[in-house]
S.K.: 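First the structure, which I've put down as structure tokens, then a few questions once you've had a look.
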Amino acid sequence: GCSESLGEREDFRLSVIRPHSQWAKWTHSGGEAVESEFLVKTYELLPQKNDLRFLKDYKEFFWTSGSQFELCVKEVPEIAGARHFCGPGHTFTRVSKVLKDMGINKPPQILPHYEYWLELAKK
């Protein structure tokens, strides 16, 4: 099964269909587990050196990765004050924490997925 874009804090009641089973999270070497979750670190994130200054021209962002957000806001701190969107899972938790640490007490808005955000942006 997969809980992608559903959030990590939900109880999916896996035991109803498969007693004595446990969720495993397949993630990168810096990934974090939530309680009662087995972590399988399968890859490593290697940030590329790109010029990210163009990001300061944008007012809204949809994040699919907390580590991506951290890298971008570190390189271009001006974007912290923009409107941020993401799914309900670990990305939301991580983006919220980074924003709060920067003195911004407005968490990202939760949307079901990137395509939904694109449709809203067109309106």
Side-chain angles (χ1 to χ4, degrees):
C2 176
S3 66
E4 187 68 28
S5 297
L6 298 175
E8 295 183 340
R9 306 254 184 277
E10 297 296 322
D11 180 3
F12 294 105
R13 299 185 53 199
L14 182 62
S15 62
V16 171
I17 58 174
R18 181 109 177 152
H20 311 295
S21 294
Q22 181 180 14
W23 280 100
K25 178 180 178 179
W26 294 61
T27 188
H28 56 86
S29 59
E32 301 171 5
V34 295
E35 56 190 68
S36 74
E37 189 176 73
F38 180 70
L39 200 63
V40 181
K41 296 181 178 189
T42 59
Y43 60 96
E44 183 176 355
L45 296 176
L46 299 172
Q48 297 178 352
K49 288 291 183 186
N50 293 321
D51 184 357
L52 300 176
R53 289 179 291 186
F54 72 93
L55 294 176
K56 68 180 175 8
D57 298 330
Y58 293 90
K59 306 289 183 233
E60 293 188 358
F61 297 89
F62 187 93
W63 300 101
T64 58
S65 162
S67 55
Q68 177 190 47
F69 171 76
E70 285 186 51
L71 172 71
C72 291
V73 82
K74 179 180 177 186
E75 294 293 319
V76 188
E78 300 94 325
I79 68 170
R83 291 182 59 193
H84 301 283
F85 302 85
C86 64
H90 187 67
T91 300
F92 173 80
T93 303
R94 201 157 170 186
V95 171
S96 297
K97 181 185 181 325
V98 171
L99 289 173
K100 188 172 184 178
D101 289 349
M102 295 179 78
I104 298 171
N105 292 317
K106 184 178 180 186
Q109 183 176 340
I110 295 174
L111 294 177
H113 47 76
Y114 174 72
E115 289 78 14
Y116 185 85
W117 175 73
L118 283 177
E119 288 300 315
L120 287 177
K122 288 178 186 176
K123 295 177 183 180

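Along the sequence shown, residues are numbered consecutively beginning with 1.
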S.K.: Roughly how far, to the nearest 0.5 Å, is the CD1 atom of I79 from the CG atom of L52?
M.R.: 8.0 Å

S.K.: Looking at I104 and A80, what are the two nearest heavy atoms and their distance?
M.R.: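 Nearest heavy atoms, I104 then A80: CD1-O, 3.3 Å.
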
S.K.: F62 and V95: same hydrophobic cluster, using ILVMFWY side-chain contacts below 4.5 Å?
M.R.: no

S.K.: Could you tell me which non-hydrogen atom of Y58 sits nearest to which non-hydrogen atom of F61, and how far apart they are?
M.R.: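 Smallest interatomic distance, heavy atoms only, reads CB-CZ, 3.6 Å.
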
S.K.: Are side-chain heavy atoms of R83 and K59 found at a separation under 4.5 Å?
M.R.: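 No, side chains not in contact.
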
S.K.: Okay, side chain of H90, backbone of S65: is any donor-acceptor separation there less than 3.5 Å?
M.R.: no

S.K.: Do the non-hydrogen side-chain atoms of W117 and E60 ever get within less than 4.5 Å of each other?
M.R.: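 The answer is yes, as the side chains (C-beta and beyond) meet within the 4.5 Å cut-off.
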
S.K.: Would you find more than 12 non-hydrogen atoms of other residues, nucleotides or ligands less than 6.0 Å from K41 atom NZ?
M.R.: yes

S.K.: For E78, is there an ion pair with K56 - N to carboxylate O distance below 4.0 angstrom?
M.R.: no

S.K.: Measuring only between side-chain heavy atoms, which start at C-beta, is F92 closer than 4.5 Å to I110?
M.R.: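 Answer yes - side chains close enough.
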
S.K.: State, yes or no, whether a side-chain contact exists between C86 and L111 at a heavy-atom distance under 4.5 Å.
M.R.: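 No - every pair of side-chain heavy atoms lies 4.5 Å or more apart.
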
S.K.: Mind running side-chain contact (heavy atoms from CB on, under 4.5 Å) on K106 and L99 for me, showing each step along the way?
M.R.: CA-CA 7 Å; K106 184 178 180 186; L99 289 173; over 6 Å; no

S.K.: Using 0.5 Å steps for rounding, measure from the CD atom of E119 to the CD atom of E115.
M.R.: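 Nearest 0.5 Å value for the CD-CD distance: 9.0 Å.
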
S.K.: May I ask you to test the H113-Y116 pair for a side-chain heavy-atom distance under 4.5 Å?
M.R.: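 In contact.
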
S.K.: Whether the side chain of D51 engages the backbone of R53 through a donor-acceptor N/O pair (distance < 3.5 Å, no angle test) should be reported.
M.R.: yes

S.K.: S67 versus R94: any side-chain heavy-atom pair under 4.5 Å?
M.R.: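 S67 vs R94: side chains touch.
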
S.K.: Side-chain contact, heavy-atom cut-off 4.5 Å: V73 with M102?
M.R.: yes

S.K.: Indicate the atoms forming the closest heavy-atom contact of P77 with K74, along with that distance.
M.R.: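 Scanning both residues, the minimum pair turns out to be CD-O, 4.0 Å.
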
S.K.: With T91, which of W63, F69, F85 fulfils side-chain contact (heavy atoms from CB on, under 4.5 Å)?
M.R.: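 Among the candidates, only W63 passes.
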
